[in-house]
Amino acid sequence: MDKLLIRGGRPLHGELRVSGAKNAALPILAATLLASRPVVVRNLPHLHDVTTMIELLGCLGVQVIVDERLGVEVDASTITNFQADYELVKTMRASILVLGPLVARFGEAHVSFPGGCAIGSRPVDLHLKGLEAMGARIEVEGGYIHAYSDGRLHGAHIVMETVTVGGTENLLMAAVLADGQTILDNAAREPEVVDLANCLIAMGADISGHGTDRIVVNGVSDLHSCEYAVMPDRIESGTYLVAAAATGGSIVLRGAAPDSMDAILQKLKETGAAIEIDGDTIRLDMQGRRPLPVNIKTAPYPGFPTDMQAQFTALNTIADGASSVVETVFENRLIQTHEMNRMGAKIKIEGNTAFIQGQASLTGAPVMASDLRASASLVIAGLVAQGETLVDRIYHIDRGYECIEERMQSLGADIRRVS
Ligand code: EPZ
């Protein structure tokens, strides 16, 4: 099993181009199931999760062609199968995103029930309730969700009990081909939901209010082809910015989406980093200083993203003072702190809060990654630590970060993949 070997203590300096956003690419690929003509998706990141989603589309009988400009052309007119098997769903929970499109377009979907994962129990009850409100019949049997509809789904007024990104995306995709109007209240406002809505609009959907907590969809009879480029990844961007700040370095990110990163950039400024935005370029310079501690409380967008919590926790471990990090979105997302303590961090957990006393430095150690963002945070901890850190189970990191060791090396980090 691959591991990352890091020799820490070097400030990062350099320039990177931001990849396409994983969490926008996955729903957009699922949305191609709704179109009766081929859709071309560009700016897809080269990640395991994206490959898994393409594999899932292939299993459904969808024709997927990679064109000469590395765009992926998806033709769902060849679909032969409506089942997302356990073998794929267990490796990627986002497979649940094919449920809404399949039942809306074909009146039938069988998707393996995604279980919990390292970060929490992660139910999908709100996806199912919403589809039922739109007329789908849902049965759960043998570990599978079976969804059926006789004819088209119908519009409905759905008030989501909790803000859910995937739930909003699934229901949005189902609503675009439903009969009549659907109103999604308490909808997720995440930029990735907006990117999905913009892609659906480019395919001919009638959607308004995306980016607010009320999305209104007027169903249309079919969707056509389009070409769509996935938005830049705000979490990948944030991760490299934090890595540069934690090491006292500087970085220039090109092709970023700073408008989607307000909460992240504000916290980075509080660490003492100088930040300049120029169009889609973000410049951060820590000028060799040790970061100031920042208090964090995760919340749905536009609040501070849970997907950046672990990285900021890593930065706080070596900050000049004490801080607290409150995780409100997932129940088990402070798990990486135990590994950080093995590197000399001083973190105490009480309920959903981590109390961190910043240390002058960490010491390298063998550590184990438990999920994608936890892995990224352990890499950051390794970059600031004295000595060698070996991060195990880095298959998690390959799900969400394109060539992380090459990109970190280009910034001057001493990091390599070993088996
Ligand atoms: C998406 O997961 C992201 N994944 C996650 O990114 C991200 O952490 C999360 O949104 C929150 O921003 C993708 O976009 C593929 P949710 P999702 O439904 O949609 C509860 C990463 O590292 N809930 O918004 O699964 C749920 O338990 C990842 O890239 C219900 O109770 O998250 C959680 O507490 C991991 N019932 C909260 O809502 C439901 O039916 C938010 O979850 C659905 C969710």
Side-chain angles (χ1 to χ4, degrees), residues 19-31 45 47-50 52-53 56 89 91-100 111 113-133 138 140 145 158-173 184 186-196 213 230-231 233-239 260 263-264 298-311 327-336 352 369-377 396-402 404:
S19 314
K22 166 181 85 81
N23 288 348
L26 297 175
I28 285 172
L29 284 169
L47 298 173
H48 278 189
D49 275 9
V50 169
T52 306
M53 185 57 92
L56 170 54
V89 179
T91 64
M92 187 186 67
R93 302 185 81 263
S95 310
I96 188 74
L97 293 171
V98 300
L99 184 68
V111 178
F113 211 119
C117 73
I119 64 176
S121 59
R122 305 187 75 181
V124 290
D125 55 319
L126 302 178
H127 303 227
L128 305 187
K129 271 192 198 162
L131 289 173
E132 276 179 327
I138 307 273
V140 177
I145 301 164
I158 300 166
V159 183
M160 322 278 284
E161 281 167 41
T162 304
V163 178
T164 152
V165 174
T168 303
E169 291 167 344
N170 235 333
L171 300 181
L172 173 61
M173 290 189 279
L184 299 177
N186 200 24
R189 291 177 281 171
E190 267 64 6
E192 293 77 12
V193 174
V194 176
D195 208 35
L196 168 66
D213 61 2
V230 172
M231 68 174 288
D233 196 316
R234 66 193 169 108
I235 305 300
E236 184 202 43
S237 306
T239 302
S260 67
I264 301 169
T298 64
Y301 192 85
F304 186 89
T306 174
D307 290 347
M308 283 302 302
Q309 175 264 109
Q311 300 88 319
E327 172 57 57
T328 73
V329 180
F330 291 111
E331 61 269 34
N332 200 23
R333 222 179 188 182
L334 292 171
I335 192 168
Q336 79 288 350
N352 65 348
S370 52
D371 79 86
L372 167 55
R373 309 302 169 188
S375 325
S377 73
H396 292 294
I397 217 163
D398 295 328
R399 300 181 55 180
Y401 294 92
E402 208 173 299
I404 189 160

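Each ligand, and each atom within it, is numbered from 1 in the order the structure gives. All heavy atoms count here, side chains included; hydrogens, waters and symmetry mates do not.
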Polar side-chain atom of [X] near backbone of [Y] as donor-acceptor pair, under 3.5 Å:
X: N170; Y: G100; answer: yes
X: N186; Y: M160; answer: yes
X: E327; Y: F330; answer: yes
X: D195; Y: M231; answer: yes
X: T298; Y: T328; answer: yes

### Task
May I ask you to test the L196-V193 pair for a side-chain heavy-atom distance under 4.5 Å?
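No, every pair of side-chain atoms sits at 4.5 Å or beyond.
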#### Entry: Contact check, side chains of E402 and L47, non-hydrogen atoms, under 4.5 Å
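E402 vs L47: side chains touch.
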Per-atom contacts, ligand 1 versus [X] - under 4.0 Å to a heavy atom:
X: K22; answer: 21 (C), 29 (O)
X: T306; answer: 8 (O), 11 (C), 12 (O)
X: V124; answer: 39 (C), 40 (O)
X: L372; answer: 22 (O), 29 (O)
X: T162; answer: 38 (O)
X: G166; answer: 18 (O), 19 (O)

Specify the protein heavy atom at minimum distance from [atom]: its residue, its atom name, and the distance to 0.1 Å.
atom: atom 18 (O) of ligand 1; result: T164 OG1, 2.7 Å
atom: atom 32 (O) of ligand 1; result: F330 CZ, 3.8 Å
atom: atom 34 (O) of ligand 1; result: V329 O, 2.6 Å
atom: atom 29 (O) of ligand 1; result: R373 NH2, 2.7 Å
atom: atom 36 (N) of ligand 1; result: D125 OD1, 2.8 Å
atom: atom 43 (C) of ligand 1; result: P123 O, 3.1 Å

Reported [atom1]-to-[atom2] distance for the pair [X] and [Y], which is rounded to 0.5 angstrom:
X: M92; Y: L56; atom1: CE; atom2: CG; value: 6.0 Å
X: R399; Y: R373; atom1: CZ; atom2: CZ; value: 9.5 Å
X: Y301; Y: S260; atom1: OH; atom2: OG; value: 6.0 Å
X: T168; Y: E192; atom1: OG1; atom2: CD; value: 12.0 Å

I'd like the name of whichever of [options] reaches closest to [atom] through any heavy atom.
atom: atom 35 (C) of ligand 1; options: E169, M53, R333; value: R333
atom: atom 17 (P) of ligand 1; options: R93, R122, H127; value: R122
atom: atom 7 (C) of ligand 1; options: T328, D307, L26; value: D307
atom: atom 15 (C) of ligand 1; options: N23, V163, D371; value: N23

Any nitrogen or oxygen of [X] lying under 3.5 Å from a nitrogen or oxygen in ligand 1? Just yes or no.
X: V165; value: yes
X: A94; value: no
X: L126; value: yes

### Query
Quick one: do K22 and D307 make a salt bridge, cutoff under 4.0 Å?
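A salt bridge is absent here (no side-chain N lies under 4.0 Å from a carboxylate O).
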